[in-house]
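So the structure is just underneath, and the comments pick up after that.
Keep in mind that the numbers below use all heavy atoms, side chains included, and drop hydrogens, waters and symmetry copies. The model shown is predicted, which means the values in this text are computed figures rather than measured ones. Both ligands and their constituent atoms are indexed starting at 1 by order of listing.
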Amino acid sequence: MPLFVEKFGGTSVGSVERINAVAEHLSAADKAGEQLVVVVSAMSGETNRLQGMAAEISGDPSAREADVLLSTGEQVTIALLCMALHKRGKKARSYTGSQAMIRTDSVHSKARILDIDGSRMRADLDDGYIVVVAGFQGIDADNNITTLGRGGSDTTAVAIAVALNADECRIYTDVDGIYTTDPRIEPEARRLDHITFEEMLELASLGAKVLQTRSVEFAGKYRMPLRVLSSFEPGEGTLISYDNEDESMEQPLISGIAHNKDEAKLTIRGIPDEPGVAHRVLGPLSDEHINVDVIIQNISADGLADLTFTVHRNDYAKGRELLEKICSELNASDVIGDDNIAKISVVGVGMRSHTGVANTMFEALALEGINIQLISTSEIKISVIIDDRYMELAVRCLHKAFNLAES
Ligand code: ADP
Ligand code: ASP
Ligand code: MG
């Protein structure tokens with residue numbers, strides 16, 4: 001019997017009506033002889049609502065209690081979905097992350113899955129149950145509830161698919177696949193039938209929130225076929241796999257454009273230009289689990305340097321505080337920051353064999369009068385940091401410059 005892990009995001013389970021629609025879909029798949037593990041998110045808006053209540057009570061809630069709170073959103077949907085399945089005469093059983101034995105590390109609010117003991121889910125599947133698991137959560141070695149970061153239900157789904165050796169992991173959402181860019185920003189965006197793991201990983205990590213980055217990493221590492229499709233309308237969606245690296249096919253120069261308003265920029269000015277300084281600046285941030293993204297160092301004539309980098313906006317205040325401390329330790333000049341920035345990235349494996357992508361990108365932005373603050377490149381992507389007021393304009397002008405609306 002084929003085994004599928006199917007994940008339904010917040011909008012897809014956003015009301016009783018939607019939960020009933022998901023139950024209908026699952027009943028039909030069950031009838032067709034598929035074994036099913038279903039991963040659900042909290043109903044749309046619920047995670048934000050819970051976060052909002054915590055913020056009303058405390059500006060700095062305990063990370064452990066925040067995870068206990070946020071994990072409840074998904075617990076509501078697993079129970080309701082099982083009830084809807086029972087109503088349809090189906091055998092179904094719900095599991096929270098801890099009951100499903102999803103072990104994570106102890107980094108609250110961004111925990112990583114270490115291991116899943118799939119024995120209980122397996123036994124249920126063999127007994128003819130539809131297994132319904134709460135996304136976005138797990139349990140650490142001391143039995144504390146952890147959460148996997150926003151969008152983490154995608155990662156729960158892929159990790160379970162890998163643990164149970166499923167045939168495919170299907171991510172049902174409110175768009176019918178992966179588009180050349182966010183269709184909410186560019187209505188002319190085009191759906192892709194296929195995309196490579198490599199490109200999807202770049203798009204996700206550069207801000208395309210349709211899949212959590214970790215889920216794509218997992219799927220790529222274990223070669224788990226991953227499909228993104230609509231829970232609202234039928235269709236094949238987009239398959240993310242290795243298989244479309246068909247040499248005979250001309251690879252498109254650019255597959256997609258990602259945007260991201262989640263970063264903030266920090267600069268420490270007047271640091272000594274000598275070995276070990278970048279480590280002394282960035283080490284303490286890393287110790288606090290603050291990820292640093294685009295990094296640029298400028299050297300001035302007087303033997304001093306400026307180091308600029310971006311961090312997640314949630315880490316901005318803490319990062320700035322740490323940097324102020326490092327600034328006085330190093331006797332540097334000062335620290336400046338800007339949290340009104342956006343990152344726009346163009347991604348495509350075709351870049352490997354073609355030159356001129358950067359030129360086209362910079363020219364298109366220049367024609368719109370958009371100033372580039374930082375640039376970062378890799379083999380298959382170019383990212384620029386700009387003023388966040390121009391983010392949507394930048395996405396649309398680049399979509400046009402690279403002719404992405406046409407196949
Ligand atoms: P879910 O609640 O189902 O997890 P998300 O909101 O996390 O759904 O992800 C789906 C959204 O991702 C879409 O509504 C769309 O606006 C956005 N998105 C961003 N980039 C893309 C892209 N390249 N292709 C498709 N959707 C994208
Ligand atoms: N409910 C969580 C969130 O809103 C996890 C998820 O939906 O994937 O981020
Ligand atoms: Mg999501």
Quiz item: Taking both backbone and side-chain atoms of Tyr179, is any N or O found less than 3.5 Å from an N or O belonging to ligand 1?
Solution: yes
Quiz item: What about Asp174: any of its N or O atoms under 3.5 Å from an N or O on ligand 1?
Solution: yes
Quiz item: Applying the salt bridge (charged side-chain N to carboxylate O under 4.0 Å, His left out) test to Asp154, which of Lys209, Arg170, Lys7, Arg214 qualifies?
Solution: Lys7
Exercise. Flag the pair Arg269 and Asp334 as a salt bridge only when some basic side-chain nitrogen lies within less than 4.0 angstrom of an acidic carboxylate oxygen.
Key: yes
Quiz item: Taking only heavy atoms of Ser41, which atoms of ligand 2 are found under 4.0 Å from at least one of them?
Solution: 6 (C), 7 (O), 8 (O)
Exercise. Please step through side-chain contact (heavy atoms from CB on, under 4.5 Å) for the pair Leu80 and Val13, ending with a clear verdict.
Key: CA-CA 10 Å; Leu80 291 175; Val13 292; over 6 Å; no
Quiz item: Nearest to atom 15 (C) of ligand 1, what protein heavy atom do you find, and at what distance?
Solution: Asp182 OD1, 3.3 Å
Self-check item: Proximity of Arg184 to ligand 1 by residue part, where a heavy atom lies under 4.0 Å
Solution: side chain
Practice problem: Indicate, as side chain, backbone, both or neither, the part of Glu46 found under 4.0 angstrom from ligand 2 when only non-hydrogen atoms are considered. | Solution: neither
Quiz item: By number and element, which atoms of ligand 1 are closer than 4.0 Å to a non-hydrogen atom of Ile178?
Solution: 24 (N)
Exercise. Enumerate the atoms of ligand 1 whose separation from the nearest heavy atom of Gly177 is less than 4.0 angstrom.
Key: 24 (N), 25 (C)
Practice problem: Could you tell me whether atom 6 (O) of ligand 1 has at least one protein heavy atom nearer than 4.0 Å? | Solution: no
Self-check item: Ligand-residue contact atoms, ligand 1 with Ala208, heavy atoms, under 4.0 Å
Solution: 20 (N)
Exercise. Could you please spell out the steps behind the side-chain contact (heavy atoms from CB on, under 4.5 Å) verdict for Glu46 and Glu74?
Key: CA-CA 9 Å; Glu46 180 61 9; Glu74 273 68 12; over 6 Å; no
Quiz item: Does NZ or CZ of Arg184 come closer than 6.0 Å to the centre of the six-membered ring of Tyr179, within 45° of the ring's axis?
Solution: no
Self-check item: Heteroatom proximity flag, Ser153 to ligand 2, N/O under 3.5 Å
Solution: yes
Quiz prompt | NZ/NE/NH1/NH2 to OD/OE distance under 4.0 Å, Arg352 and Glu198 | solution = yes
Quiz item: Does Thr181 approach ligand 1 within less than 4.0 angstrom via side chain, backbone, both or neither, non-hydrogen atoms only?
Solution: backbone
Quiz item: Tell me, which protein residue and heavy-atom name are nearest atom 2 (O) of ligand 1, and how many Å apart are they?
Solution: Gly10 N, 3.2 Å
Self-check item: Side-chain ion pair, Arg103 and Asp105, N-O less than 4.0 Å
Solution: no
Quiz item: Hey, looking at atom 12 (O) of ligand 1, which of Leu192, Thr238, Val210 has the closest heavy atom?
Solution: Val210
Quiz prompt | Min heavy-atom dist Gly135 to ligand 2 below 4.0 Å | solution = no
Quiz item: Does ligand 2 have an atom that lies less than 4.0 angstrom from a heavy atom of Gln212?
Solution: no
Quiz item: Quick one: does ligand 1 sit under 4.0 Å from the side chain of Lys7, the backbone, both or neither, non-hydrogen atoms only?
Solution: side chain
Practice problem: Name the closest protein heavy atom to atom 9 (O) of ligand 2, giving the residue it belongs to and the distance to 0.1 Å. | Solution: Arg150 NE, 2.7 Å
Self-check item: Sole candidate of Ile295, Asn298, Thr267 that passes side chain to side chain contact (heavy atoms under 4.5 Å, CB included) when paired with Leu307
Solution: Ile295
Exercise. Examine the proximity of ligand 1 to Pro183 and report which part, side chain or backbone, both or neither, has a heavy atom under 4.0 Å away.
Key: side chain
Quiz prompt | Qualifying residue, where the test is side chain to side chain contact (heavy atoms under 4.5 Å, CB included) with Ile171 and the options are Leu211, Ile240, Val5, Val210 | solution = Leu211
Practice problem: Do me a favour and list the nearest non-hydrogen protein atom to atom 3 (O) of ligand 1 with residue, atom name and distance? | Solution: Thr173 OG1, 2.6 Å
Quiz prompt | N or O pair under 3.5 Å between Gly151 and ligand 2 | solution = yes
Practice problem: For Asp67 and Thr146, test the side chains for any donor-to-acceptor distance below 3.5 angstrom and give the result as yes or no. | Solution: no
Quiz prompt | Mutual orientation of the aromatic rings belonging to His25 and Phe8 [parallel < 30°, tilted 30-60°, perpendicular > 60°] | solution = perpendicular
Practice problem: Report the C-alpha distance between Leu323 and Ile326 in whole Å, list the side-chain angles of each, state the deciding distance to 0.1 Å, and finish with yes or no for side-chain contact (heavy atoms from CB on, under 4.5 Å). | Solution: CA-CA 5 Å; Leu323 210 55; Ile326 298 161; 4.3 Å; yes
Quiz prompt | side-chain contact (heavy atoms from CB on, under 4.5 Å) evaluation trace for Leu206 with Lys343 | solution = CA-CA 8 Å; Leu206 294 168; Lys343 184 167 69 180; 3.8 Å; yes
Quiz item: Between Val175 and ligand 1, which residue portion shows a heavy-atom distance shorter than 4.0 Å: side chain, backbone, both, or neither?
Solution: side chain
